[in-house]
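Have a look at the structure below before the remarks.
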Amino acid sequence: MHYKSEIADQVTRRGILLTGLASAAALTATPVFSSAPGYLRGSGHFRRLKLSARATGESIDAIYWIDGNYILPVLDEINFFMRDWRAGAVKEMDRRNLDFIAATHLLLDTSEPFTLLSGYRTAKTNAMLRRRSRRVARNSLHVAGKAADLGMRTRSTGQIARAARSLRGGGVGTYRRPSFVHIDSGDVRSWNT
């Protein structure tokens with residue numbers, strides 16, 4: 001299933017026409033207020049997430065923020081997309097982490113979406129995964145809706161992690177098998193670099 005917000009589609013076309021920009025790729029992410037983290041410095045007028053989910057086969061390409069305002073119906077679509085598919089449970093994802101993911105994607109300079117391996121997890125799903133692997137944290141930020149595990153075909157985990165770490169937006173962990181980068185909106189830290 002493919003999710004693409006009608007609002008985002010209209011806004012993208014309107015924004016490109018109104019500003020005369022040849023492509024949305026020319027825009028970068030910016031702070032909305034003076035105390036915003038540096039990872040949104042120098043941005044344009046909108047923020048976008050492009051993701052495909054490995055487990056469900058779904059994809060989403062959504063503009064979720066325009067001119068300083070989050071678009072709540074689009075955030076609802078993103079929350080559903082990043083749900084715990086094992087439990088069928090949805091949680092509001094932390095907007096700071098969505099911004100961190102979007103800014104990381106912009107730095108990678110590609111139109112390829114991130115592949116989502118894991119977004120929100122219920123405590124029960126997290127406990128099950130923890131029994132299978134020592135790498136799953138007991139108090140995982142996935143359970144709080146503040147983390148995502150992401151990969152990309154055309155970019156290495158090292159490239160993704162370096163881009164994310166340079167933004168200093170939160171936690172960045174690199175995993176080689178399976179290959180993914182954990183990005184969260186917790187304290188700034190990195191592991192498995």
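Predicted model only: the values in this text are computed from it and were never measured. Quick note: numbers below take in every heavy atom, side chains included, and nothing from hydrogens, waters or symmetry partners.
Counting Ile, Leu, Val, Met, Phe, Trp and Tyr side chains that sit under 4.5 Å apart, directly or through other members, W85 stands alone, with no cluster partners. The other residues sharing a hydrophobic cluster with F180 are L117, Y175, W191, where clustering joins ILVMFWY side chains under 4.5 Å apart. Cluster partners of M128, by chain and number: L129, V136. The rule joins Ile, Leu, Val, Met, Phe, Trp and Tyr whenever side-chain heavy atoms lie under 4.5 Å apart.
Side chain of R155 to backbone of L108: a donor-acceptor contact under 3.5 angstrom is found. A side-chain donor-acceptor contact under 3.5 Å links S166 to the backbone of A163.
Closest approach of A137 and N126 over heavy atoms only: O-ND2, 2.9 Å. Annotation for S52 and P113: closest pair N-CB, 4.2 Å, computed over non-hydrogen atoms. Considering all non-hydrogen atoms of both residues, H105 and F114 come closest at CB-CE1, 3.6 Å. Across all non-hydrogen atoms, the minimal contact from V181 to A161 is CG2-N, 4.0 Å. Here the closest heavy-atom approach between residue L116 and residue A148 is recorded as CD1-CB, 4.0 Å.
Between I63 and V74, the closest side-chain pair of non-hydrogen atoms is not below 4.5 Å. In this structure the side chain of M152 reaches within 4.5 angstrom of the side chain of T110, judged on heavy atoms. Side-chain contact between V172 and F100 is present, with heavy atoms from C-beta onward closer than 4.5 Å.
Applying the salt bridge (charged side-chain N to carboxylate O under 4.0 Å, His left out) test to residues at least two apart or on different chains, the pairs with a partner in residues 112-123 are R121-D149. Note on residues 171-193: pairs passing salt bridge (charged side-chain N to carboxylate O under 4.0 Å, His left out), not counting sequence neighbours, are D184-R189. Here ring-ring contact (aromatic ring centres under 6.0 Å, His included) pairs that include residues 120-162, with residues two or more places apart or in two chains, are H142-H182.
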Between R47 and I66, is a side-chain contact (heavy atoms from CB on, under 4.5 Å) present by the stated rule, with each step listed?
CA-CA 7 Å; R47 296 179 190 159; I66 300 171; over 6 Å; no
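Taking T104 as the reference, nothing meets the side chain to side chain donor-acceptor pair (under 3.5 Å) condition, with sequence neighbours excluded. Here D94 pairs with R96 under the salt bridge (Lys or Arg N to Asp or Glu O under 4.0 Å) rule; sequence neighbours left out. Under the side chain to side chain contact (heavy atoms under 4.5 Å, CB included) criterion, R162 pairs with Q159, R165, not counting sequence neighbours. Residues passing the side chain to side chain donor-acceptor pair (under 3.5 Å) test with T125 are D84, T122, sequence neighbours excluded. Under the side chain to side chain contact (heavy atoms under 4.5 Å, CB included) criterion, V90 pairs with N79, F80, R83, sequence neighbours left out.
There is no path of hydrophobic side-chain contacts, each under 4.5 Å, that joins L141 to V143. Note on Y70: it clusters hydrophobically with L49, by side-chain heavy-atom contacts below 4.5 Å among ILVMFWY residues.
Atoms NZ and CD1, on K50 and I101 in that order, are 15.0 Å from each other to the nearest 0.5 Å. Here the NZ atom belonging to K91 is positioned 9.0 Å from the NZ atom belonging to K146, to the nearest 0.5 angstrom. Atom OG of S59 and atom CZ of F81 lie 6.5 Å apart (nearest 0.5 Å). Of the inter-residue distances, the one linking T174 atom OG1 with I160 atom CD1 reads 9.0 Å to the nearest 0.5 angstrom. Rounding to the nearest 0.5 angstrom, the gap separating the CZ atom in R95 from the CD1 atom in I78 is 10.5 Å. In this structure, R54 CZ and S118 OG are separated by 10.0 Å, a value rounded to the nearest 0.5 Å.
Defined by atom type and a distance below 3.5 Å, a donor-acceptor pair is missing between the side-chain atoms of N69 and Y64.
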